[in-house]
Visitor: 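Below are the structure tokens for one structure; questions will follow.
Computation of the quantities below employed the complete heavy-atom set of this structure, encompassing side-chain atoms and omitting hydrogens, waters and symmetry-equivalent molecules. Just so it is clear: chains get the letters A, B, ... in the order the sequence lines come, proteins before strands, and each one is counted from 1.
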2 protein chains.
Amino acid sequence: MKHKPTSFDIAHLAGVSQSTVSRALNDSPLVNISTRQKVQEIARELNYQVDKNASNLRRQRSSTIALLLFEDPTSDDSLVNPFFLAMLGSITKACAAKGYDLLVSFQNLDNNWQAEYEDSHKADGLILLGYGDYRAYAGKLSQLHQHDTHVMRWGAPVAQWPGISIGCDNFSGGQSVTRHLLSHGYQSYAFIGDIGDKAPEFQSRYEGFLNALGNTKCRHQQYDAISSEEAGHLAASHLLEAPAGLPDAIVCAADIIAVGVLQQLKEAGVRVPEDIAVVGFDNIQLAAFTTPGLTTVQQNTAQAGEKLVENLLLAIEGHPTDDHLLATNLVVRQSCGCRAK
Amino acid sequence: MKHKPTSFDIAHLAGVSQSTVSRALNDSPLVNISTRQKVQEIARELNYQVDKNASNLRRQRSSTIALLLFEDPTSDDSLVNPFFLAMLGSITKACAAKGYDLLVSFQNLDNNWQAEYEDSHKADGLILLGYGDYRAYAGKLSQLHQHDTHVMRWGAPVAQWPGISIGCDNFSGGQSVTRHLLSHGYQSYAFIGDIGDKAPEFQSRYEGFLNALGNTKCRHQQYDAISSEEAGHLAASHLLEAPAGLPDAIVCAADIIAVGVLQQLKEAGVRVPEDIAVVGFDNIQLAAFTTPGLTTVQQNTAQAGEKLVENLLLAIEGHPTDDHLLATNLVVRQSCGCRAK
DNA sequence: TCATCTTATTTAACCGATAGGTTCGCATTG
DNA sequence: CAATGCGAACCTATCGGTTAAATAAGATGA
């Protein structure tokens, strides 16, 4: 057998027409159960596989989703990435469960995603996973939206931005980790992380932080820092030099920042958690290996992937969906002052 | 304009036949340069994109490569993964550069990859990226080979296994890191890592280790360990209990193992590198954050991705290729005894 | 001037599966 | 006995390109 078997080959062997084969393989009730089985049997023997391209062409859909990862070249991706890998894993699995394939690509903002993937029928919809300076692609988003592309974005919902997004509940995450610190009895707090428009996630975390402190008499301050170790260094040294002295606890908007903070404190001879508590956000794998182990907030990536895929498929089928927030999970280690396990 | 523009729409607008449009868009010299430009101009205005499915169907190729990640459920993937993400990044970029798309999927060994991807014309070839117990899929490999699937595998070449593989030069990597330790003047060595058939990479690293020690009078021993932190713990405690006492230096077959070793040594009150040197292999991101920083061997993932894609495309085009080893790069930190930067 | 060769386009045959419409055969019913 | 109903399988147009083969118009040469 030199050439790949087609449905005609099966039709010939089964003594039926080719269209009957197609129906039989799709388990159509229009064809008698016995012929159906006979056809399927032959298909199995021949190792027959329907040609995806022919099928897609005819059905005008690809049963494929494109996952676009876009990165801000200025950010240190080697430290952020693991989170996306976890997402990738859960997204591929969710896609597979729904019978969709996943096309993955790293993108820059210049590309015309709509044209590249949806117009060409390479994919039925897009999932955007990005990090870095978000403002850069707000314009892109509205463009996609205008084209009626089926898009699902990972990240915090932003009122001004068009389209649907799925993200973790940064507010309650920030709230719960702060409450945990409060339960230790700490009186003064510092939040390290940008809270401007370009970092909506950090902003929500900060709001959760503020909300938790709410009616307490605790003092608090805030320092800017992008998502990087260096920014953590810098912010920590500012804290160390502050005339007011160190707070009891530091809430970092991201684990990477916390890692930088821990290093800086260590250099300065400040002990964690004896002298000061430090917590992060993200639960990157590194968090389990810092000394002391970093108490942090974990995002449910498995659920995130499922939700993204699920809602995207709904959108493709024409059902309207809405933004969605996923619950976070407090991961307690030692940096908050809890005893070692 | 309600429906997606097709080549017929362009043909109509340009006043030429549809086939001329197709040729013009493919920059065929068969069509006059002026009509070519006119057609391309119109296509641009309409935001036309060729339908990938139609094109693929006719050309009998998909311009897509499938990347199959398969994992051994017993291994702790959260620690191994970052390496694969780096590979993923370089592979997507290499594919994009060659005009190929990348389909990504996590797989288990039961699936019929050949049928799933190549027979269905979803992809023109496969790249296998796996870890864990390699024996499990040796059989799978020969199956693929029998089917003449176009496959490229990441990993050490194994004589008995069919198919081509691209891997890093584990031998010279093990050799160079061991030589570096020798330059510190250490006299006795331990290698931690499995050296059986199921871990061909570790085996090569071990051989490099032995080769470096070669004619020296240095003593050396070896302990089994799979690629996990726990295995590192265990091996280290064996070392600590050994009547012969601790060696001067430990070469771990993987960074994760080294991380476990470092932890165990720390608990036992053994200082690194003052009392004993420890080195790893892989340069996982964690290696930069251990205390002390882990000296290790880095694999060139960017080059690896390129080579995998390049050779796979060659295979698809029918040109025979051969196994390929990539150079490694020694990353010196403090755990080997070198001063802090 | 007519035959010959280019060059530019068009015609038409696919690629392989899907789905709407139709036909065929057989059983039921007025 | 002819008319009707119905399930099962078949016929055929179609999806949107690609490309070999056919054709038309224009240029070259004897």
Visitor: Give the nucleotide from the list D:dG17, D:dC15, C:dT9 with an atom nearest to the side chain of B:N32.
Guide: C:dT9
Visitor: Please name all residues satisfying side-chain hydrogen bond (donor to acceptor under 3.5 Å, both in side chains) with B:Q303, sequence neighbours left out, ordered by chain then number.
Guide: B:N300
Visitor: Using distance alone, with no hydrogens and no angle criterion, decide if A:E118 and A:T149 have a side-chain donor and acceptor under 3.5 Å apart.
Guide: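 Not at all, the side chains of A:E118 and A:T149 share no donor-acceptor pair under 3.5 Å.
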Visitor: Assign A:N53 to base, sugar-phosphate, or nothing according to its heavy-atom contacts below 4.0 angstrom with the strands shown.
Guide: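 Nothing, no heavy atom under 4.0 Å.
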Visitor: How close do B:G163 and B:D323 get, heavy atom to heavy atom, and via which atoms?
Guide: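 Of all heavy-atom pairs spanning B:G163 and B:D323, the closest is O-OD1, 4.1 Å.
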Visitor: Using a 4.0 Å heavy-atom cut-off, does B:S17 contact any base of the nucleic acid, only the sugar-phosphate backbone, or nothing at all?
Guide: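 Base: the residue B:S17, judged by heavy atoms under 4.0 Å, touches a nucleobase.
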Visitor: Closer than 3.5 angstrom, by distance alone: can the side chain of A:R23 be matched with the main-chain N or O of A:S28 as a donor-acceptor pair?
Guide: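 It does not hold such a pair.
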Visitor: Considering all heavy atoms of both residues, which atom of B:S165 and which atom of B:G155 are nearest to each other, and what is their separation?
Guide: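 For B:S165 versus B:G155, the nearest heavy atoms are OG-O, 3.3 Å.
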Visitor: Give B:S19 one of three labels, base, sugar-phosphate or nothing, depending on what nucleic acid heavy atoms sit under 4.0 Å from its own.
Guide: base
Visitor: Within the structure shown, what part of the strands sits under 4.0 Å from B:S22 by heavy-atom distance: base, sugar-phosphate, or nothing?
Guide: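 Base contact.
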Visitor: Just to be sure I understand the rule, does B:V16 reach a base, reach only the sugar-phosphate, or reach nothing, if contact means heavy atoms closer than 4.0 Å?
Guide: sugar-phosphate
Visitor: Choosing from D:dG16, C:dA17, D:dG17, which nucleotide comes nearest the side chain of A:T6?
Guide: C:dA17
Visitor: Just call it for A:L25: base, sugar-phosphate, or nothing, with non-hydrogen atoms closer than 4.0 Å on any strand.
Guide: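 A:L25: no heavy atom of the nucleic acid under 4.0 Å.
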Visitor: For the side chain of A:V31, counting heavy atoms from C-beta on, which of C:dA17, C:dA12, D:dA9 is nearest?
Guide: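 Of all the options, the side chain of A:V31 is nearest to D:dA9.
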Visitor: Take the C1' atoms of the five end pairs on each side of the helix from C:dT1-D:dA30 to C:dG30-D:dC1, derive the two axes, and give their angle rounded to 10 degrees.
Guide: 70°
Visitor: Starting the side chain at C-beta, find the nucleotide from C:dA19, C:dC15, D:dG17 nearest to B:A54.
Guide: D:dG17
Visitor: With a 4.5 Å heavy-atom cut-off, do A:L126 and A:M152 have their side chains touching?
Guide: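 In short, these two side chains do not touch, never coming nearer than 4.5 Å.
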Visitor: If you check every side-chain atom of B:F8, which of C:dA19, D:dG17, C:dT9 has the closest atom?
Guide: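 Minimum distance to the B:F8 side chain belongs to D:dG17.
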Visitor: Would you mind classifying the nucleic acid contact of B:S55 as base, sugar-phosphate or nothing, using non-hydrogen atoms under 4.0 angstrom?
Guide: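 The answer is sugar-phosphate, as B:S55 gets under 4.0 Å only of primed atoms, P, OP1 or OP2.
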Visitor: Can you tell me how far P of C:dT18 sits from CG of A:D27, to the nearest Å?
Guide: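 After rounding, the gap between these two atoms is 12 Å.
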Visitor: Below 4.0 angstrom, which residues in residues 34-45 of chain A have at least one non-hydrogen atom near DNA chain D?
Guide: A:T35
